[in-house]
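All figures in this text were calculated on a predicted structure; none of them were measured in a lab.
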Amino acid sequence: MLKRLFATRKRPYVPGINRPETIRLDLSGNILTLQMPPHSYDGWGPSREPPQINIYESYQYTDDSYQPEWRREGISSFKFLHRKWSFYGPPWRTQSYGTIFFNIFACRYDALPEGMSCFNPNHFEQITLRNLWYSGVLGGVQAPIHWRLRQESGATWLYFERHNDDLEPEPLQELLNTLLNCHLRIPVDDRYYLDLHFSYFGYVPAEYCLTNMNALRDAVLDSVQLELSSSAKERLAEAKRKWPDARASEHRDPEPWVFPKLRDGVEGEESYVVLEPGRPPVLTP
């Protein structure tokens, strides 16, 4: 309680941050483990994920076929874990300074052409960039930011961020700089990958906010381990035999994407009407 008493924006209080819990999940034989602070309850609780999850059960997934064609990427996903971490000031300030929402999704890339695999680092990079294009198709997003690779158990994992790109007058712009998304993508099969997704709802000054939120994020990410199933290891080995020289980019700058030009729909139309089509990245075997 003393830590909460002396909490400030520079050194906020996060319940249990020094007592992380260990999560172990069996994802169709792929064993995912990570450590993270306990959920900071504020209106909704943590997910009660089962210790075993079949990532191949199709009924769990939601695809994007309900979207208009220009927003239809060809991806299906479901969320199997969520947590929320609030950053608090002293006890007399009942509202938190800011919050991180953390979710883990299982993703199935239905649009992936035959002859491509998430275990091929170059293909996985293409999938990720195409997904980012569709994620930013309504504008206001700059990505990928802070792109980096992580080599684990013979596979290539991808870390990157999406930042807000809206131009607003100060001081609102400083607050917008703390509203960002961070992702770690982990391949688990030819068409399947995990998306560990952090969403920041921050506070000002941004320098203090990002220092604290990034430290929590990095502690979680540094703890992530995945032991691939025997079948996944076989497909990884097959990908290495087929594409022995495949690599992902060590560095990427934000993409100069061409998004569609839109107008708001009127009665009887879709929410958005496409005036000029965009140019999504093409998947190339």
**Student:** Quick check, are the ring centers of Trp243 and Phe119 under 6.0 angstrom apart?
**Tutor:**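 Between Trp243 and Phe119, the centre distance exceeds or equals 6.0 Å.
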**Student:** Please tell me whether Asn212 and Tyr97 have a donor and an acceptor in their side chains that are separated by less than 3.5 angstrom.
**Tutor:**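 No donor-acceptor contact under 3.5 Å links the two side chains.
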**Student:** Compute the centroid of each ring, for Trp147 and then for Tyr159, and state whether the two points are separated by less than 6.0 Å.
**Tutor:**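 Distance test on ring centres: not under 6.0 Å, no.
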**Student:** If you round to the nearest 0.5 Å, how far is CG of Leu112 from CZ of Arg130?
**Tutor:**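 Spacing of CZ (Arg130) from CG (Leu112) equals 9.5 Å.
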**Student:** Quick check on the 6.0 Å ring-centre criterion: do Phe201 and Phe101 meet it?
**Tutor:**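 That pair passes the under 6.0 Å test.
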**Student:** Hey, does Leu32 have a side-chain heavy atom less than 4.5 Å from the side chain of Val188?
**Tutor:**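 Val188 vs Leu32: side chains apart.
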**Student:** In terms of side-chain geometry, is the basic nitrogen of Arg72 or Asp64 positioned less than 4.0 Å from the acidic oxygen of its partner?
**Tutor:**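 No salt bridge links Arg72 with Asp64.
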**Student:** Search all heavy atoms of Arg93 against all heavy atoms of Ser96 and return the closest pair with its distance.
**Tutor:**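 The answer is NH2-O, 3.7 Å.
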**Student:** Where the side chain of Lys79 meets the backbone of Ala106, is there a donor-acceptor pair that is under 3.5 Å apart?
**Tutor:**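 Looks like no, no N/O pair under 3.5 Å.
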**Student:** Taking atom types as modelled and ignoring hydrogens, do the side chains of Gln95 and Tyr88 form a donor-acceptor contact shorter than 3.5 angstrom?
**Tutor:**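 Judged by distance alone, the side chains do not pair up.
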**Student:** When you check the gap from the basic side-chain N to the acidic O, do Arg247 and Glu250 get nearer than 4.0 Å?
**Tutor:**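 No, Arg247 and Glu250 are not salt-bridged.
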**Student:** Apply the side chain to side chain donor-acceptor pair (under 3.5 Å) test between Ser199 and each candidate in Asn181, Thr99, Asn103; give the one that qualifies.
**Tutor:**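 Output: one option passes, namely Asn181.
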**Student:** A cation-pi test, strictly: NZ or CZ of Arg4 under 6.0 Å from the centre of the six-membered ring of Tyr13 and no more than 45 degrees from its axis. Yes or no?
**Tutor:**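 Geometry flag: not set, cation outside 6.0 Å or 45°.
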**Student:** Can you tell me if His123 and Glu125 form a side-chain donor-acceptor pair at under 3.5 Å?
**Tutor:**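 Side-chain D/A pair, His123 to Glu125: absent.
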**Student:** Side-chain contact, heavy-atom cut-off 4.5 Å: Leu226 with Asn30?
**Tutor:**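 Leu226 reaches Asn30 side chain to side chain.
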**Student:** Atom CE in Met213, atom CG in Asp218: separation rounded to 0.5 Å?
**Tutor:**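 It comes to 13.5 Å.
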**Student:** In terms of side-chain heavy atoms, does Gln142 have a donor or acceptor partner in His163 at a distance below 3.5 Å?
**Tutor:**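 Per modelled atom types, Gln142 and His163 side chains form no pair under 3.5 Å.
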**Student:** Quick one: closest heavy-atom pair of Val204 and Arg9, and the distance?
**Tutor:**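 Minimum heavy-atom separation between Val204 and Arg9: O-NH1, 2.7 Å.
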**Student:** Is the shortest heavy-atom distance from the side chain of Ser223 to the side chain of Met36 under 4.5 Å?
**Tutor:**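 A side-chain contact under 4.5 Å is absent here.
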**Student:** Show the nearest heavy-atom pair for residues Pro37 and Val220, with the distance to one decimal.
**Tutor:**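 Looks like CD-CG2, 4.2 Å.
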**Student:** So is Arg217 actually on top of Phe198's ring, under 6.0 Å and inside 45° of the axis?
**Tutor:**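 Negative - Arg217 is either too far from the ring of Phe198 or too far off its axis.
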